[in-house]
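Everything on this sheet refers to the single structure shown next.
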Amino acid sequence: MLNCLATVLGIFICVPLLLFMAAPYIRRYVAGGVCKSTTKLNGKVVMITGANTGIGKETARDLAQRGARVIIACRDMAKGEAAACEIRAETGNQQVIVKKLDLADTKSIREFAENFLAEEKELHILINNAGVMLCPYSKTADGFEMHLGVNHLGHFLLTFLLLECLKQSAPARIVNVSSLAHHGGRIRFHDLQGEKCYNWGLAYCHSKLANVLFTRELARRLQGTGVTANSLHPGSVYSELVRHSILMSLLWKTFSFFLKTPREGAQTSVYCAVAEELESVTGQYFSDCRPAYVSPQGRSDELAKKLWNVSCELLGIQWD
């Protein structure tokens, strides 16, 4: 009995002690890759969707520190202004601007693009960062399933509307924030809107696969224009992205020590946006600031072309 008690006490004492001693190594591993580029962006115009919070905000902070004119495109103007004010104060860069953009409404996307093109002459970096995750079944203003509508179709339309400006500003870069979750995704053309069968977890995976496929086909079409397109996995980041799920929010808070901070999660976005060695690299997928494995579905040119055509049909646009 005494031996058992001693063993239990030993475990209770040793395990926390070992975790405490290993904490710096665990955190270093969790943090992942770091963008080491010292590139300055003075005179460059950057647009980041969803940059009022999380990794988008940290990406905006980093690029503002490099001297870029940063356009924060977000739905919540109050949070956007608060983020911009904080970034301006910290970096000393007063060229951090907030513009209203609701990716769940194509009317808002078109108005945003129209206003941007009327006010800005150039766009050198477009980071399609905003996204929703684990939403209960709902639809956008245009009747698209929310994950597909915001994460894929919203950014697809925004990129389409801004592409000529990017071409005229070349060299330019398009960075699409996807996820490791794309490995679990499938493009279910027979039920794209999830009306026959819906699972909020899989719906997110499907939309992240769409990001990878969109990037692949976009890069192919942009060959020779001076505009590159790459996608990335930011890592498992402690952010507001899981706010729609009480269970995931609790798990995220409980295991936050094993998750990246938003600043750590932003490193690959920054890397894809500024790294000198990626100047002519396009159509690739990155994680922890290095090339990463793409699922077989994500490498399908046939699937990418079909998704492109279906996306154009849904949005009522011609993009040849």
Side-chain angles (χ1 to χ4, degrees), residues 41-51 56 59-60 63 68-74 95-130 142 144 149-178 210-232 269 272-274 278-284 304-305 307-320:
L41 297 175
N42 302 87
K44 302 296 184 181
V45 180
V46 176
M47 181 189 297
I48 310 172
T49 64
T59 303
L63 302 187
R69 176 177 172 82
V70 178
I71 311 297
I72 292 177
C74 61
Q95 294 297 301
V96 181
I97 315 299
V98 183
K99 299 291 183 182
K100 184 173 179 60
L101 170 66
D102 184 354
L103 288 163
D105 186 346
T106 58
K107 182 180 178 182
S108 172
I109 298 170
R110 291 181 180 279
E111 288 178 352
F112 170 86
E114 183 179 348
N115 292 334
F116 173 83
L117 294 173
E119 297 170 2
E120 303 286 343
K121 295 180 180 179
E122 296 179 303
L123 178 59
H124 302 94
I125 301 171
L126 169 62
I127 302 179
N128 290 320
N129 164 84
D142 302 275
F144 305 133
V150 172
N151 296 354
H152 170 58
L153 292 173
H155 284 127
F156 188 96
L157 178 60
L158 179 65
T159 305
F160 166 74
L161 296 171
L162 299 177
L163 192 58
E164 285 307 312
C165 185
L166 283 157
K167 288 180 179 179
Q168 292 168 15
S169 307
R173 303 186 188 192
I174 299 169
V175 179
N176 294 325
V177 178
S178 180
N211 292 155
V212 173
L213 291 168
F214 169 44
T215 305
R216 187 177 186 86
E217 180 64 9
L218 179 61
R220 186 186 70 80
R221 290 168 177 258
L222 289 177
Q223 289 286 352
T225 65
V227 182
T228 62
N230 292 296
S231 61
L232 65 97
S269 294
C272 289
V274 305
L278 299 187
E279 185 174 347
S280 59
V281 174
T282 191
Q284 300 300 306
K305 291 174 184 177
L307 177 63
W308 183 283
N309 292 332
V310 170
S311 298
C312 287
E313 290 175 13
L314 289 171
L315 292 166
I317 60 176
Q318 288 188 331
W319 192 353
D320 299 321

[X] versus [Y], closest heavy-atom pair with distance:
| X | Y | value |
| --- | --- | --- |
| Ser178 | Val212 | OG-CG2, 3.4 Å |
| Val98 | Cys74 | CG1-SG, 4.1 Å |
| Leu101 | Ala73 | CD2-CB, 3.7 Å |
| Ala130 | Asn151 | O-OD1, 4.4 Å |
| Ala170 | Gly226 | CB-O, 3.8 Å |
| Leu278 | Cys272 | CD1-CA, 3.8 Å |

Do the non-hydrogen side-chain atoms of [X] and [Y] ever get within less than 4.5 Å of each other?
| X | Y | answer |
| --- | --- | --- |
| Ile127 | Leu63 | yes |
| Met47 | Lys99 | no |
| Leu222 | Lys167 | yes |
| Glu279 | Arg173 | yes |

**Prompt:** Once the angle between the rings of Trp308 and Trp319 is folded into 0 to 90°, is it parallel (under 30°), tilted (30 to 60°) or perpendicular (over 60°)?
**Reply:**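 Correct class here is tilted.
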Margin query: Is the ring pair Phe214/His152 parallel, tilted or perpendicular, if the boundaries are 30 and 60 degrees?
Written below: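 If you compare the ring of Phe214 with that of His152, the planes turn out perpendicular.
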Looking at [options], which hits side-chain contact (heavy atoms from CB on, under 4.5 Å) with [X]?
| X | options | answer |
| --- | --- | --- |
| Ile174 | Leu162, Asn128, Ile125 | Asn128 |
| Leu161 | Leu157, Leu158, Leu163 | Leu157 |
| Leu218 | Asn230, Thr159, Leu213 | Thr159 |

When rounded to the nearest 0.5 angstrom, what is the spacing between [atom1] in [X] and [atom2] in [Y]?
| X | Y | atom1 | atom2 | answer |
| --- | --- | --- | --- | --- |
| His124 | Gln168 | NE2 | CD | 11.0 Å |
| Lys305 | Arg221 | NZ | CZ | 8.5 Å |
| Leu314 | Leu307 | CG | CG | 9.0 Å |
| Leu315 | Leu153 | CG | CG | 5.0 Å |
| His155 | Leu126 | NE2 | CG | 7.5 Å |
| Thr49 | Ile71 | OG1 | CD1 | 13.0 Å |

Would you check if the side chain of [X] reaches a backbone N or O of [Y] as a donor-acceptor pair within less than 3.5 Å?
| X | Y | answer |
| --- | --- | --- |
| Asp142 | Thr106 | yes |
| Thr228 | Thr282 | no |
| Asp105 | Lys107 | yes |

Worksheet item: Do you know which of Asn211, Asn129, Thr215 makes side-chain hydrogen bond (donor to acceptor under 3.5 Å, both in side chains) with Asn176?
Response: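 Only one option passes, and that is Thr215.
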### Task
Could you go through the side-chain contact (heavy atoms from CB on, under 4.5 Å) check for Ile72 and Ile48 one step at a time?
CA-CA 5 Å; Ile72 292 177; Ile48 310 172; 5.9 Å; no
- Check whether more than 12 heavy atoms from other residues, nucleotides or ligands sit under 6.0 Å from atom CD of Gln318, and answer yes or no.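 Count not over threshold, so no.
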